[in-house]
Undergrad: 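Handing you a structure now.
Lettering of chains follows the sequences in order, A, B, ..., and the numbering in each one begins at 1. No hydrogens, no waters, no symmetry mates; every other heavy atom, side chains included, goes into these values.
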Amino acid sequence: MQEFVFIMRMSQLVGRRIKEDPRDAVTPSHKFLIRGGYVRQVSAGIFSLLPIGKRIITKIEAIIREEMDRIDGQEVLMPVVLPAELWEESGRYASVGPELLRFKDRNGKDMILAMTHEEAVVHLLRSEVSSYKQLPVMLYQIQTKYRDEARARGGLIRVREFTMKDAYSFHTSQSCLEEYYQRAHEAYVRIFRRVGMVNTLSIESNSGMMGGKVSHEFMAVSEHGEDTIFVSPDYSYRANREVAYADWKFEKQSPLELEKVHTPGRESIEEVSEFLGLKPENTGKAVFYKDQDNNLIFAMIRGDFEVNESKLANFVKCPGLEYADDELIRSVGAEPGFASPMSIDRNKVRIVVDRSVAESSNLVVGANEKDYHYKNFNFDRDIKDVEVTDIATVREGDICPLTGQPLKLERGIEVGNIFQLGTKYSEAMNCRYLDENGKSQIPVMGCYGIGVGRTMASVIEQSHDEWGPIWPITIAPYQVQLCAINPKNAAVGDVSEQLYAAIKQAGVEVLYDDRGEKAGFMFNDADLIGIPLRLVVSAKNVENGQIEFKRRGAKDVELWPLDQVIDKIKSVIAEEYKKFA
RNA sequence: CGGGGUAUAGCGCAGUCUGGCUAGCGCAUUUGGUUUGGGACCAAAGGGUCGCAGGUUCGAAUCCUGCUACCCCGACCA
């Protein structure tokens, strides 16, 4: 752990507390980070850290370093500014959208601000490692990243510039990667426990633009989270909505004859099912998407389900699906609002059917003619040569595939992720080593990220009261806050100064409120800063040779004999650390 | 990128509809004094190109046009 400034006087501390909530802050973490004097916004999604905010970040980083070193990581530092050609090698210069900030240097050379460092680490490693004897290896860094987010929000929860710990491992085999992936997972569990994130879930996730197959997200459970998670009641099943599935049961009935019905002006599932006196689950829904090349994809799902665009995008291997416009839909012979998979130009459209349609009977579908639908559509009979898969979005209450219990919905903030990347980058960027037979091989990669600022914000989301954050001792800006009520009183002033010096001597981190503010004012500031342990020096107690001790968030106070304060506070601190070991 | 909103002192806001003398209020700040266990009191003081650029007018924070920044919802996305 790096050396720290152990002590600080409040009278000298830069970063004022603010009484009122900032107008534009909505989440508790955003409000308290601003009000407590931890961070200040410079531009949308771009923040400066004030001293106590920086101390928290430094402590979180120290915990991450320890755990990365424990799983044999080697710390490096790679640049924020990278040449575009490195990203051209991997193909991401073209495939990643506008969130990658591109610019030219003075010579007109294309450059980028790195949003992640797979390319940089492969560039580094391919010239340093050439033998199987050097593998496996893991490199990590704690570095600034930039993502040109369309919409920054929620204080530190979604920002454009941020600090991230990212780690990359290289292996000679998939099994070696899988073994290491497990160790990384365990390291992450330890990290989030140690920083005091009490409610973190590791869940199955969608690999998105990173490529690769197996991946997990570490979610801080919070009502202000941006991601939707489905969990079983016992939390044995946990999955992001993007990949979650349920044990859906569908029932086949004997097919009835196809029947064309007049449904004037009824376009939506609700309108059609109500008009025909049926339920939404008796209908089939058609949703049209287009890929980047303007190719039409016809997704068909039962009327009571929603298409899961992540599942669909993964299935058709196209990351950038968009809703198709009416003109494109008509160009294949379909009628928007009354679309049917039958009687359309099969050469111009790819049809993907959800199991809910394939395994149900006698559904109402469009007739590709304005104001007409068909009743009694049956997949097996009425359509041929289409792809059937799961593209349904889980709904709260759907049955868990593992436990058979109803799934419940949670919100989460993604604070970390781990991926089994495979050879996507090492292969594209020609990273090779020689195996024991002298044969050239491509290393298998894993990557592992943690958002440091987001972690700080998430801890507040999970640990605060109406007055401010309640920091775990492991990342609190100081371990102890010392408050002097009326330090102009000679006895109070003397005892406070002596205590301050003695605490420093004992190696305890203390923030000393020496300002002589009114008690209430001082206590409110202390609560807003959220240091977990508080000592108060007052005239009344000093007269009795006593000091008051209180834990942040607790109701009760203790009175400690003055000559035992140092011993007692040290033991309380040790006890607090044990809670997060 | 679509929808909605905001921009006036360090922070939070009023004033704008209905144009008018010197642009206010609370908090914070400075000075002096009194206070000191859950956001004290008295007295005095400093602090503004009213987001930017044009226009209308005798006169614009206020009306008109354009722009910019920021926030919220959505789209997109590690």
Undergrad: Using whole Å, report how far CE of Met10(A) lies from C1' of rG39(B).
TA: 13 Å
Undergrad: Aromatic rings His464(A) and Phe32(A): how do their planes relate, parallel, tilted or perpendicular, breaks at 30° and 60°?
TA: tilted
Undergrad: Rounded to whole angstroms, how far apart are CD on Glu99(A) and P on rC1(B)?
TA: 15 Å
Undergrad: Got a salt bridge between Lys285(A) and Glu306(A), using NZ or NE/NH1/NH2 to carboxylate O under 4.0 Å?
TA: yes
Undergrad: Paired with rU34(B) by Watson-Crick or G-U wobble geometry, both distances under 3.5 Å: which nucleotide is it?
TA: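 Its partner is rA40(B) (Watson-Crick or G-U wobble, both distances under 3.5 Å).
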Undergrad: In Å and rounded to the nearest 0.5 Å, what is the CG to CZ distance from Leu482(A) to Arg534(A)?
TA: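 Reported to 0.5 Å precision, the distance equals 11.0 Å.
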Undergrad: When the C1' atoms of rC50(B) and rU34(B) are considered, how many whole Å apart are they?
TA: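 Straight-line distance between the two C1' atoms is 38 Å.
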Undergrad: Tell me, please, which residues at least two apart from Glu67(A) pass side-chain hydrogen bond (donor to acceptor under 3.5 Å, both in side chains).
TA: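 So Glu67(A) forms a side-chain hydrogen bond (donor to acceptor under 3.5 Å, both in side chains) with Arg70(A), Arg190(A), Arg194(A).
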Undergrad: Name the residue closer to the 5' end of RNA chain B, choosing between Asn486(A) and Leu528(A) according to the nucleotide with the nearest heavy atom.
TA: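 Upstream on the strand: Asn486(A).
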Undergrad: Between rG12(B) and rU6(B), how far apart are the two C1' atoms, rounded to whole Å?
TA: 14 Å
Undergrad: Rounded to whole angstroms, how far apart are CZ on Phe523(A) and C1' on rG39(B)?
TA: 12 Å
Undergrad: With both distances under 3.5 angstrom, what nucleotide forms a Watson-Crick or G-U wobble pair with rC17(B)?
TA: none
Undergrad: Both Val415(A) and Arg534(A) contact RNA chain B. Which one's nearest nucleotide lies toward the 5' end?
TA: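 Result of the comparison: Arg534(A).
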Undergrad: Trp87(A) and Tyr425(A): ring pair (Phe, Tyr, Trp, His ring centres under 6.0 Å), yes or no, with the steps?
TA: CA-CA 10 Å; Trp87(A) 278 55; Tyr425(A) 296 93; 8.4 Å; no
Undergrad: Test the Arg395(A)-Phe305(A) pair against the cation-pi criterion, namely NZ or CZ under 6.0 angstrom from the six-membered ring centroid and within 45° of the ring axis.
TA: yes
Undergrad: Is there, by distance only and without an angle test, a donor paired with an acceptor across the side chain of Asp525(A) and the base of rG38(B) below 3.5 Å?
TA: no
Undergrad: Base, sugar-phosphate, or nothing: which does Glu309(A) touch, judged by heavy atoms less than 4.0 Å apart?
TA: sugar-phosphate
Undergrad: Using nucleotides 69-74 of chain B, report all nitrogen or oxygen pairs with the protein that are shorter than 3.5 Å.
TA:
from, atom 1, to, atom 2, distance (Å)
rC70(B), OP1, Ser43(A), OG, 3.0
rC70(B), OP1, Ala44(A), N, 3.0
rC70(B), O3', Gln41(A), NE2, 3.3
rC71(B), OP1, Gln41(A), NE2, 3.3
rC73(B), OP2, Arg151(A), NH2, 2.0
rG74(B), N7, Arg151(A), NH1, 3.4

Undergrad: By the 4.0 Å heavy-atom rule, please label Asn489(A) as base, sugar-phosphate, or nothing.
TA: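 The residue Asn489(A) makes no contact with any strand.
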Undergrad: Output yes when Asp390(A) and Lys311(A) qualify as a salt bridge under the 4.0 Å nitrogen-oxygen rule, no when they do not.
TA: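 Salt bridge present between Asp390(A) and Lys311(A).
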Undergrad: Taking rG3(B) as the reference, what is the distance to rG39(B) when you measure between their C1' atoms (whole Å, please)?
TA: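 Here rG39(B) and rG3(B) have their C1' atoms 40 Å from each other.
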Undergrad: With a 6.0 Å cut-off on ring centres, are Tyr181(A) and His216(A) close enough?
TA: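 Yes.
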Undergrad: Taking the same atom, P, in rA28(B) and in rC17(B), what whole-Å distance lies between them?
TA: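 Approximately 33 Å lies between the P atom of rA28(B) and that of rC17(B).
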Undergrad: Taking the same atom, C1', in rU29(B) and in rG20(B), what whole-Å distance lies between them?
TA: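 These two C1' atoms come out 33 Å apart once rounded.
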Undergrad: Once you round it to whole Å, what is the distance between P of rG38(B) and CG of Asp513(A)?
TA: 15 Å
Undergrad: Both distances under 3.5 Å, Watson-Crick or G-U wobble: report the partner of rC52(B), or none.
TA: rG66(B)
Undergrad: Mind checking Arg35(A) for me? I need base, sugar-phosphate or nothing, with any heavy atom below 4.0 Å counting as a touch.
TA: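 The answer is base, as Arg35(A) lies within the cut-off (heavy atoms under 4.0 Å) of a base atom.
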Undergrad: Mind checking whether Lys165(A) and Met68(A) have side chains closer than 4.5 Å, heavy atoms only?
TA: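 Contact flag for Lys165(A)/Met68(A) side chains = yes.
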Undergrad: Verify the ring-centre separation between Phe192(A) and Phe218(A): is it less than 6.0 angstrom?
TA: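 Yes, the ring of Phe218(A) comes within the 6.0 Å limit of the ring of Phe192(A), centre to centre.
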Undergrad: Counting the benzene-type ring for Trp, do His117(A) and Tyr168(A) have ring centres under 6.0 Å apart?
TA: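 No, the ring centres sit 6.0 Å or more apart.
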Undergrad: Between C1' on rG38(B) and CZ on Arg515(A), what's the gap in Å once rounded to a whole number?
TA: 14 Å
Undergrad: Can you measure Asn541(A) atom CG to rU36(B) atom C1' for me and round it to whole angstrom units?
TA: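 So the two atoms are 14 Å apart, to the nearest Å.
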Undergrad: Which one is paired to rU57(B), where only Watson-Crick or G-U wobble pairs with both distances under 3.5 angstrom count?
TA: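 Across all strands, not a single nucleotide pairs with rU57(B).
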Undergrad: Which protein N or O atoms sit under 3.5 Å from an N or O of nucleotides 27-35 of chain B?
TA:
from, atom 1, to, atom 2, distance (Å)
rA28(B), O2', Arg16(A), NH2, 3.1

Undergrad: Say you pick atom P in rG19(B) and the same atom in rC58(B); how far apart are they, in whole Å?
TA: 15 Å
Undergrad: Report the base-pairing partner of rG2(B) (Watson-Crick or G-U wobble, both distances below 3.5 angstrom), or none.
TA: rC73(B)
Undergrad: To the nearest angstrom, how far is Asn314(A) atom CG from rC77(B) atom C1'?
TA: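 It is 14 Å, rounded to the nearest whole Å.
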Undergrad: Using the P atoms only, state how far rG26(B) lies from rC42(B), rounded to an integer number of Å.
TA: 12 Å
Undergrad: Using the P atom as the point on both nucleotides, what is the distance between rU16(B) and rU30(B), in whole Å?
TA: 34 Å
Undergrad: Under 6.0 Å from the ring centre and within 45 degrees of the ring axis: does the NZ or CZ of Arg102(A) meet both conditions for the six-membered ring of Tyr93(A)?
TA: yes
Undergrad: Is rU22(B) paired to anything, Watson-Crick or G-U wobble with both distances less than 3.5 Å, and if yes, which nucleotide?
TA: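 Pairing partner: none.
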Undergrad: Expressed in angstrom and rounded to an integer, what is the separation of Ile18(A) atom CD1 from rG12(B) atom P?
TA: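 It is 8 Å, rounded to the nearest whole Å.
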